Amino acid sequence: MAQAHHPLLLLILLLFLSSTAIPSSKRTQPKFSAVFYFGDSVLDTGNNNHLPTVAVANHAPYGRDFPGKKPTGRFSDGRLIPDLLNERLQLKEFSPPFLDARLPNSDVATGVNFASAGSGFNDQTSRLSNTLPMSKQVDLFEDYLLRLRGIVGDKEASRIVARSLIFISSGTNDFSHYYRSPKKRKMEIGDYQDIVLQMVQVYVKELYDLGGRQFCLAGLPPFGCTPIQITLSGDPDRACVDEQNWDAHVYNSKLQRLLAKLQGSLHGSRIVYVDAYRALMEILENPAKYGFTETTRGCCGTGLREDTRAYRMSSINLSCYA
């Protein structure tokens with residue numbers, strides 16, 4: 001299957017272009033010195049390989065279409081969004097995981113990947129799978145800055161981070177766990193959304209204080225359409241769980257308002273919302289257009305009850321290939 005221009009990548013770049021304050025006739029493609037990725041399996045390019053967790057993708061069938069045709073820790077049969085975006089921005093071919101002890105200094109200055117499959121904004125989400133929550137990912141970014149300063153010096157390190165793009169995609173696991181935990185009986189979904197959004201605000205501010213100025217934050221996908229949520233709903237027709245998709249929609253609306261508020265309060269920042277919900281729904285509703293025939297089963301195991309990692313491999317293919 002040939003790789004095509006990824007609509008989400010184009011959307012990111014277009015949103016950055018359209019959010020500039022200069023006239024459209026003078027807009028030019030933004031130039032980022034580096035890209036840093038924070039989040040879950042949608043972005044994890046192999047950090048979990050270096051953790052004592054079962055949430056790993058270092059085995060078949062993962063990686064079968066990746067260069068070299070071997071699993072790398074990416075929850076995909078090929079490259080992920082970070083790899084594709086790095087290439088589009090002409091930074092480098094792949095997005096290296098920061099936890100890889102073999103990470104060369106030559107890769108450090110153009111950005112690294114801190115994402116961890118199975119993680120969330122909420123520390124409790126990662127505790128279940130022994131992965132890196134967002135709090136730990138931000139801590140690792142501080143470790144990264146020490147290494148970067150040792151390579152290029154303080155002044156150049158500050159310049160690189162200020163001109164970089166910080167890409168965050170997380171939250172799906174937080175809500176998947178909410179629906180399957182006793183927390184659902186004790187807390188309304190709206191209240192839990194607000195708690196997660198408070199965490200989003202904290203981490204964006206922390207990254208801003210560490211020098212970041214340009215951010216992309218992805219909203220939630222329609223997680224009521226993931227195979228495990230469909231299976232748990234008990235629907236024999238295997239239709240998406242509309243209530244959960246509505247919850248994702250409401251959360252995304254709140255997130256957009258929060259990001260606008262944050263950009264107004266964080267001087268010199270540019271914060272863009274990425275509509276992952278719309279992008280994935282387009283593919284789920286028009287699978288043939290993107291070369292797929294099955295959208296209700298995961299790619300691995302039974303495709304019904306395995307956790308969402310199996311589906312994510314499938315959904316990443318849907319998002320990145322046509």
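Small disclaimer: the values here were computed from a predicted structure and weren't measured. What's counted below: heavy atoms across the whole structure, side chains too, no hydrogens, waters or symmetry copies.
- Ring-centre distance between F75 and Y62: below the 6.0 Å cut-off.
- From L140, atom CG reaches atom CZ of F38 across 8.5 Å, with rounding to the nearest 0.5 Å.
- No path of Ile, Leu, Val, Met, Phe, Trp and Tyr side chains, each step under 4.5 Å between heavy atoms, connects W246 with F223, placing them in separate hydrophobic clusters.
- Side-chain contact between D77 and P61 is absent, with no heavy atoms from C-beta onward closer than 4.5 Å.
- Using a distance-only test at 3.5 Å, with no hydrogens or angles considered, no donor-acceptor pair links the side chain of S119 to the main chain of A115.
- Of the possible donor and acceptor atoms, none in the side chain of N252 sits under 3.5 Å from a partner among the backbone N and O of D275.
- With a 4.5 Å cut-off on side-chain heavy atoms, L132 and S126 do not count as touching.
- In summary, E282 and K289 engage in a salt bridge, as defined by a charged side-chain N under 4.0 Å from a carboxylate O.
- Side-chain contact between C225 and Q229 is absent, with no heavy-atom pair separated by less than 4.5 Å.
- Residues K92 and E87 fail the side-chain proximity criterion, which asks for heavy atoms closer than 4.5 Å.
- With hydrogens and angles ignored, the 3.5 Å screen pairs no side-chain donor or acceptor of Y178 with any backbone N or O of Q193.
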Evaluation steps, side-chain contact (heavy atoms from CB on, under 4.5 Å), between V241 and Y179: CA-CA 12 Å; V241 185; Y179 289 118; over 6 Å; no
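- Residues G111 and Y144 come closest through the heavy atom pair N-OH, 4.3 Å.
- A pairwise comparison of heavy atoms in T131 and S116 identifies CB-OG, 3.2 Å as the closest pair.
- Residues G46 and P97 approach most closely at C-CB, 3.8 Å, considering heavy atoms.
- Between Y203 and S135, the shortest heavy-atom distance links the atoms OH-CB, 3.4 Å.
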Derivation of the side chain to side chain donor-acceptor pair (under 3.5 Å) call for R149 and S158: CA-CA 8 Å; R149 292 181 186 120; S158 296; 5.5 Å; no
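- Cluster annotation: L220 is connected to M187 through the hydrophobic network of ILVMFWY side chains, with a link wherever side-chain heavy atoms come within less than 4.5 Å.
- Under the 6.0 Å cut-off for aromatic ring centres, F114 and F141 qualify, their centroids lying closer than that.
- No side-chain heavy atom of L207 sits less than 4.5 Å from a side-chain heavy atom of F36.
- Note that the CG atom of L89 and the OG1 atom of T110 stand 11.0 Å from one another [nearest 0.5 Å].
- Residues I166 and V202 share a hydrophobic cluster, clusters being chains of Ile/Leu/Val/Met/Phe/Trp/Tyr side chains in contact below 4.5 Å.
- Annotation for L99 and H50: closest pair O-CG, 3.7 Å, computed over non-hydrogen atoms.
- Under the 3.5 Å distance criterion, the side-chain polar atoms of N130 are matched with a main-chain donor or acceptor of P52.
- With contacts defined as side-chain heavy-atom distances shorter than 4.5 Å, the pair V42/I81 qualifies.
- Between the CZ atom in R257 and the CG atom in L262 there is a gap of 13.5 Å [rounded to 0.5 Å].
- Of the listed residues (Y273, F175, F121), just one forms a ring-ring contact (aromatic ring centres under 6.0 Å, His included) with Y251, and that residue is F175.
- For the residue pair N173 / T125, no side-chain donor-acceptor distance below 3.5 Å is found, with atom types taken as modelled.
- Heavy atoms of other residues, nucleotides or ligands lying less than 6.0 angstrom from CD of Q256 number more than 12.
- A ring-centre distance under 6.0 Å is not found for Y208 and F215.
- Side-chain contact of N122 with R127: a donor-acceptor pair under 3.5 Å is absent, judged by distance alone.
- Side-chain contact between L148 and V161 is present, with at least one heavy-atom pair separated by less than 4.5 Å.
- Here D107 contributes atom CG and L91 contributes atom CG; the two are 10.5 Å apart, rounded to the nearest 0.5 Å.
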L217 and V274: CA distance, side-chain angles, deciding distance, side-chain contact (heavy atoms from CB on, under 4.5 Å) verdict: CA-CA 6 Å; L217 279 88; V274 177; over 6 Å; no
E188 and Y192: CA distance, side-chain angles, deciding distance, side-chain contact (heavy atoms from CB on, under 4.5 Å) verdict: CA-CA 6 Å; E188 294 292 331; Y192 187 63; over 6 Å; no
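- R147 has its side chain within reach of N105: a pair of non-hydrogen atoms, C-beta onward, lies under 4.5 Å apart.
- The CD atom of Q137 sits 8.5 Å away from the CG atom of D44 when rounded to the nearest 0.5 Å.
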Verdict with reasoning, D100 to N47, per side-chain contact (heavy atoms from CB on, under 4.5 Å): CA-CA 7 Å; D100 188 347; N47 281 308; over 6 Å; no
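- At a threshold of 4.0 Å, the pair D83-R74 counts as salt-bridged, since one of the basic side-chain nitrogens sits closer than that to a carboxylate oxygen.
- For R64 (side chain) and A60 (main-chain N/O), no donor-acceptor pair under 3.5 Å exists by modelled atom type.
- Counting heavy-atom neighbours within 6.0 Å of H59 NE2, excluding the residue itself, gives a total above 12.
- Annotation for A34 and A109: closest pair CB-O, 3.6 Å, computed over non-hydrogen atoms.
- A distance-only check finds no donor-acceptor pair linking the side chain of D40 to the backbone of S170 [under 3.5 Å].
- Atom CD of Q201 sits about 5.5 Å away from atom CG of L258, to the nearest 0.5 Å.
- L259 and I195 fall within the same hydrophobic cluster, defined by Ile, Leu, Val, Met, Phe, Trp and Tyr side-chain heavy atoms under 4.5 Å apart, directly or through other members.
- Cluster membership check: L128 does not share its hydrophobic cluster with M199, using side-chain heavy-atom separations under 4.5 Å among Ile, Leu, Val, Met, Phe, Trp and Tyr.
- A donor-acceptor contact shorter than 3.5 Å links the side chain of N86 to the backbone of F94.
- Using a 3.5 Å distance cut-off with no hydrogens or angles, the side chains of R79 and S95 do not pair a donor with an acceptor.
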N48/T53 under side chain to side chain donor-acceptor pair (under 3.5 Å): CA gap, chis, key distance, verdict: CA-CA 7 Å; N48 278 18; T53 177; 4.8 Å; no
